[in-house]
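Report on the structure given below.
Every chain is numbered from 1, with letters handed out A, B, ... down the list of sequences. The structure displayed is predicted, hence computed values, not measured ones.
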Amino acid sequence: MLEIALNEIRRGCAEIIDEERIIKLLKAYYDEAKTYTVKAGFDPTAPDLHLGHTVLLQKLATFQKYGATVQFLIGDFTAAIGDPTGKSATRKVLSNEDIAKNISSYTTQAFKILDESKTEIVYNKEWLEALGALGMLQLTSNLTVARMLERDDFSKRYASQTPIAVSEFIYPLLQGYDSVHLKSDIEIGGTDQKFNLLMGRQLQKVYEVKKQQAVLMMPILEGLDGVQKMSKSLANYIGVTDEPNDMFGKVLSISDDLMWRYFELLSTRTLEDIASLKAGVEDGSLHPKKVKEDLALEITARFHSQEDASSAKAEFEKIHSKSQIPTDIQEFSCEGEIWIAKALVDCNIEPSTSQARRDIKQGAVKINQEKISDIQLQLTGGEYILQVGKRKFAKLKVN
RNA sequence: GGUGGGAUAGUCAAGUGGCCAACGACGGCAGACUGUAAAUCUGCUCCCUAUGGGUUCAGAGGUUCGACUCCUCUUCCCACCA
């Protein structure tokens with residue numbers, strides 16, 4: 001029993017600190033039905049979750065399966081202040097309303113994966129605001145500058161003379177203090193959070209919370225390009241609220257190599273299953289496309305439904321494999337005659353008539369499945385299916 | 001506070017008086033090839049019913065027949081020194 005649980009917990013992890021502690025907690029759960037807490041912090045600045053976030057959520061769900069209560073920590077305190085971090089564009093300071101709105105959409109999305117009955121939503125504003133200047137000073141006195149500079153990010157920036165705001169030193173402390181207040185048994189986060197996660201351990205020791213939290217780090221999920229981390233700003237993400245068709249298509253568009261990574265971190269299949277799939281692909285008995293389709297189905301079904309997933313698959317095949325026209329196309333209409341380039345722009349499938357001309361010249365534009373080459377073409381009365389490239393469709397009615 | 005350097009298309013980055021709608025790289029789009037991909041090859045990548053016209057090189061003025069290029073001011077960045 002314990003072995004199985006542990007293996008599942010270890011799956012895909014980048015690093016575990018104090019695994020002994022986790023084993024003890026699991027043992028206590030099996031022997032005495034004692035539960036424990038797992039903390040994970042979320043930043044309510046971005047209301048849309050993508051698959052990168054779900055890696056963490058799924059790990060939390062695994063813990064729930066094995067006796068954990070999840071402390072779903074919302075960093076509303078830090079969000080209200082803003083983050084001066086130099087590297088990414090300075091975070092906006094959010095209004096309370098925005099934060100509240102983000103939080104509610106956040107949690108609805110999160111509960112597609114997490115078990116709500118075993119989740120406790122906590123807000124760090126509650127105790128951080130109460131900390132006060134004195135508490136803050138006490139907190140900072142636990143740490144030396146030298147220790148702070150151990151953090152990779154800081155030391156690099158210091159060496160390269162990139163500015164570091166003093167408040168940036170405070171953030172890890174606050175995050176660590178969250179663990180003190182919540183008396184978390186385990187905290188999980190991305191590998192980029194290592195320093196902050198360890199801070200929780202250190203502060204728990206100082207503040208004499210009986211035990212130090214174990215730390216489990218998940219790797220950062222690569223985006224669709226397979227190189228950079230999945231993030232909204234890089235537009236290489238799969239959002240959990242994406243339409244089934246989009247979601248299915250996006251999963252299918254990842255490279256074969258990346259697919260295994262997604263299997264490990266996102267699929268609920270067992271590791272043995274995945275290993276045998278991989279072996280099958282390697283010896284040629286399984287087509288990689290087929291395997292990837294299964295992954296796409298699984299992921300789509302998780303956030304929508306089994307039916308949505310299979311119809312997304314059918315739709316996809318219709319468009320791509322058989323190069324037919326999708327079922328749902330946006331419809332437009334206009335009066336009288338219309339010039340083809342203008343029509344494409346009006347139907348939102350081309351950004352400008354200049355671009356439309358170029359695409360027509362290149363043979364990327366089809367009307368009713370027929371390639372066209374005449375830039376001057378005028379459309380007169382009738383219904384047309386306009387297509388640019390493989391993906392952009394529109395239906396136009398000319399009256 | 002002082003002294004230098006910089007701001008060019010989605011990003012990086014050439015261009016230092018006309019040959020500039022602006023080299024190149026990345027990204028993006030399209031075509032071929034495929035498995036829908038990836039890799040590869042090719043073309044395109046400011047706007048406009050276009051063998052032409054318009055608007056661009058941080059902003060505002062100026063010099064000049066002509067300015068991304070020279071001058072002045074403004075804004076913002078960066079480096080060195082305090």
Side-chain angles (χ1 to χ4, degrees), chain A residues 86-90 157-164 222-229 231-238 242 244-263 277 280-282 284-297 299-300 309 312-326 334 336-367 369-380 386-394:
Chain A
K87 53 183 174 184
S88 47
T90 317
R157 278 162 66 191
Y158 191 67
S160 69
Q161 314 214 337
T162 327
I164 303 171
E222 293 87 350
L224 299 175
D225 51 54
V227 182
Q228 287 185 284
K229 75 170 194 176
S231 90
K232 200 172 176 186
S233 50
L234 293 171
N236 62 355
Y237 70 105
I238 303 179
D242 279 359
N245 289 350
D246 280 346
M247 200 178 264
F248 188 89
K250 280 182 182 174
V251 176
L252 229 43
S253 79
I254 64 175
S255 73
D256 290 357
D257 284 340
L258 187 60
M259 152 171 97
W260 299 115
R261 184 99 172 123
Y262 277 36
F263 258 115
L277 286 176
V281 168
E282 267 157 23
S285 62
L286 269 173
H287 198 295
K289 187 195 171 195
K290 171 82 183 64
V291 178
K292 207 185 289 173
E293 269 175 1
D294 288 346
L295 177 68
L297 275 175
I299 291 175
T300 310
K313 182 183 171 188
E315 183 75 6
F316 193 86
E317 278 170 4
K318 192 173 163 192
I319 302 170
H320 297 283
S321 311
K322 299 178 189 143
S323 64
Q324 288 175 348
I325 299 158
C334 69
E337 237 184 31
I338 186 161
W339 174 43
I340 178 65
K342 188 88 173 52
L344 293 167
V345 174
D346 285 352
C347 293
N348 293 329
I349 50 179
E350 286 284 21
S352 67
T353 57
S354 301
Q355 183 65 45
R357 283 162 171 273
R358 283 180 217 118
D359 283 338
I360 294 169
K361 268 188 215 158
Q362 287 189 122
V365 175
K366 289 182 191 166
I367 295 178
Q369 315 260 48
E370 299 278 333
K371 222 174 247 188
I372 60 157
S373 54
D374 180 10
I375 295 177
Q376 299 302 335
L377 188 68
Q378 299 287 329
L379 299 178
T380 48
L386 307 177
Q387 181 183 359
V388 178
K390 285 172 199 154
R391 290 205 212 124
K392 285 167 281 184
F393 293 90

Discussion item. Categorize Q378(A) for me: base, sugar-phosphate, or nothing, with a 4.0 angstrom heavy-atom threshold over every strand shown.
Written reply: base

Worksheet item: Is any side-chain nitrogen or oxygen of T353(A) closer than 4.0 Å to OP1 or OP2 of rC48(B)?
Response: yes

Practice prompt. Measure from the side-chain N and O atoms of K313(A) to the backbone N and O of A296(A), and report whether any donor-acceptor pair falls under 3.5 Å.
Written response: no

Discussion item. Could you check whether the side chain of Q362(A) and the base of rG43(B) have a donor-acceptor pair of N or O atoms closer than 3.5 Å, going by distance alone?
Written reply: yes

Fill in: N or O in side chain of K390(A) less than 4.0 angstrom from rA37(B) OP1/OP2
yes

Worksheet item: With respect to the side chain of K371(A), which nucleotide from rC29(B), rU36(B), rG31(B) is positioned closest?
Response: rG31(B)

Response to the item:
To the nearest angstrom, the CZ-P distance between F393(A) and rA30(B) comes to 11 Å

Fill in: Complementary nucleotide for rU36(B) - Watson-Crick or wobble, under 3.5 Å
none

Worksheet item: Atom NZ of K342(A) and atom C1' of rU49(B): how far apart are they, to the nearest Å?
Response: 10 Å

Item to complete: May I ask whether W339(A) stacks on the base of rU49(B), given the cut-offs of 5.5 Å between ring centres and 30° between planes?
Response: yes

Worksheet item: Between the base of rA30(B) and the side chain of R358(A), is there any donor-acceptor pair under 3.5 Å?
Response: no

Practice prompt. For residues I360(A) and L377(A), determine if any side-chain heavy atom of one lies less than 4.5 Å from a side-chain heavy atom of the other.
Written response: no

Worksheet item: Roughly how far, to the nearest 0.5 Å, is the CD1 atom of I372(A) from the CG atom of D359(A)?
Response: 10.5 Å

Fill in: G-U wobble or Watson-Crick pairing nucleotide for rC73(B) (cut-off 3.5 Å, both distances)
rG59(B)

Worksheet item: Does any nucleotide pair with rA50(B) by Watson-Crick or G-U wobble geometry, both distances under 3.5 Å, and what is it?
Response: none

Worksheet entry | Closest-nucleotide 5' rank along RNA chain B - winner of G249(A) and A364(A) | A364(A)

Discussion item. Tell me the interatomic distance from D359(A), atom CG, to rU49(B), atom P, rounded to whole angstroms.
Written reply: 16 Å

Worksheet item: Does the distance from a Lys or Arg side-chain N to an Asp or Glu carboxylate O, for R261(A) and D257(A), drop under 4.0 Å?
Response: no

Worksheet item: So, is S255(A) close to the rA37(B) phosphate, meaning a side-chain N or O under 4.0 Å from OP1 or OP2?
Response: no

Item to complete: Tell me which of V388(A) and F316(A) sits closer to the 5' end of RNA chain B, going by the nucleotide each one is nearest to.
Response: V388(A)

Practice prompt. Starting at atom CG of L224(A), determine the distance to atom C1' of rU36(B), rounded to an integer number of angstrom.
Written response: 13 Å

Discussion item. When both hydrogen-bonding distances must be under 3.5 Å and the geometry is Watson-Crick or G-U wobble, what is rC80(B) paired with, if anything?
Written reply: rG2(B)

Worksheet item: Under 3.5 Å, is there a donor-acceptor pair between the side chain of K250(A) and the main chain of Y237(A)?
Response: yes

Worksheet entry | Whole-Å distance separating the CG atom of D294(A) from the P atom of rG35(B) | 18 Å

Worksheet, complete the sentence: Partner of rA30(B) under the Watson-Crick or G-U wobble criteria, both distances under 3.5 Å, comes out as rU42(B)

Worksheet item: Any cation-pi pair here, K366(A) with F393(A), using under 6.0 Å and within 45°?
Response: no

Practice prompt. Determine the Euclidean distance between corresponding P atoms of rG54(B) and rC68(B); express it in Å to zero decimal places.
Written response: 15 Å

Worksheet item: Touch check for K290(A), heavy atoms < 4.0 angstrom, all strands: base, sugar-phosphate only, or nothing?
Response: nothing

Item to complete: Classify the nucleic acid contact of E293(A) as base, sugar-phosphate or nothing, counting any heavy atom under 4.0 Å across all strands shown.
Response: nothing

Worksheet item: E317(A) CD to rA37(B) P: how many Å, rounded?
Response: 14 Å

Discussion item. What is the separation between atom CG on L258(A) and atom P on rA38(B), rounded to the nearest whole Å?
Written reply: 12 Å

Worksheet, complete the sentence: As its Watson-Crick or G-U partner within any shown strand, both distances under 3.5 Å, rG18(B) has rC65(B)

Worksheet item: How close or far is atom C1' of rA39(B) from atom CE of M259(A), stated in whole angstroms?
Response: 16 Å

Practice prompt. With heavy atoms under 4.0 Å as the rule, sort S354(A) into base, sugar-phosphate or nothing.
Written response: base

Practice prompt. Please give the nucleotide sitting opposite rC23(B) as a Watson-Crick or G-U wobble pair, both distances under 3.5 Å, or none.
Written response: none

Worksheet item: Which nucleotide, rC29(B), rC48(B), rU49(B), lies nearest any side-chain atom of Q355(A)?
Response: rC29(B)

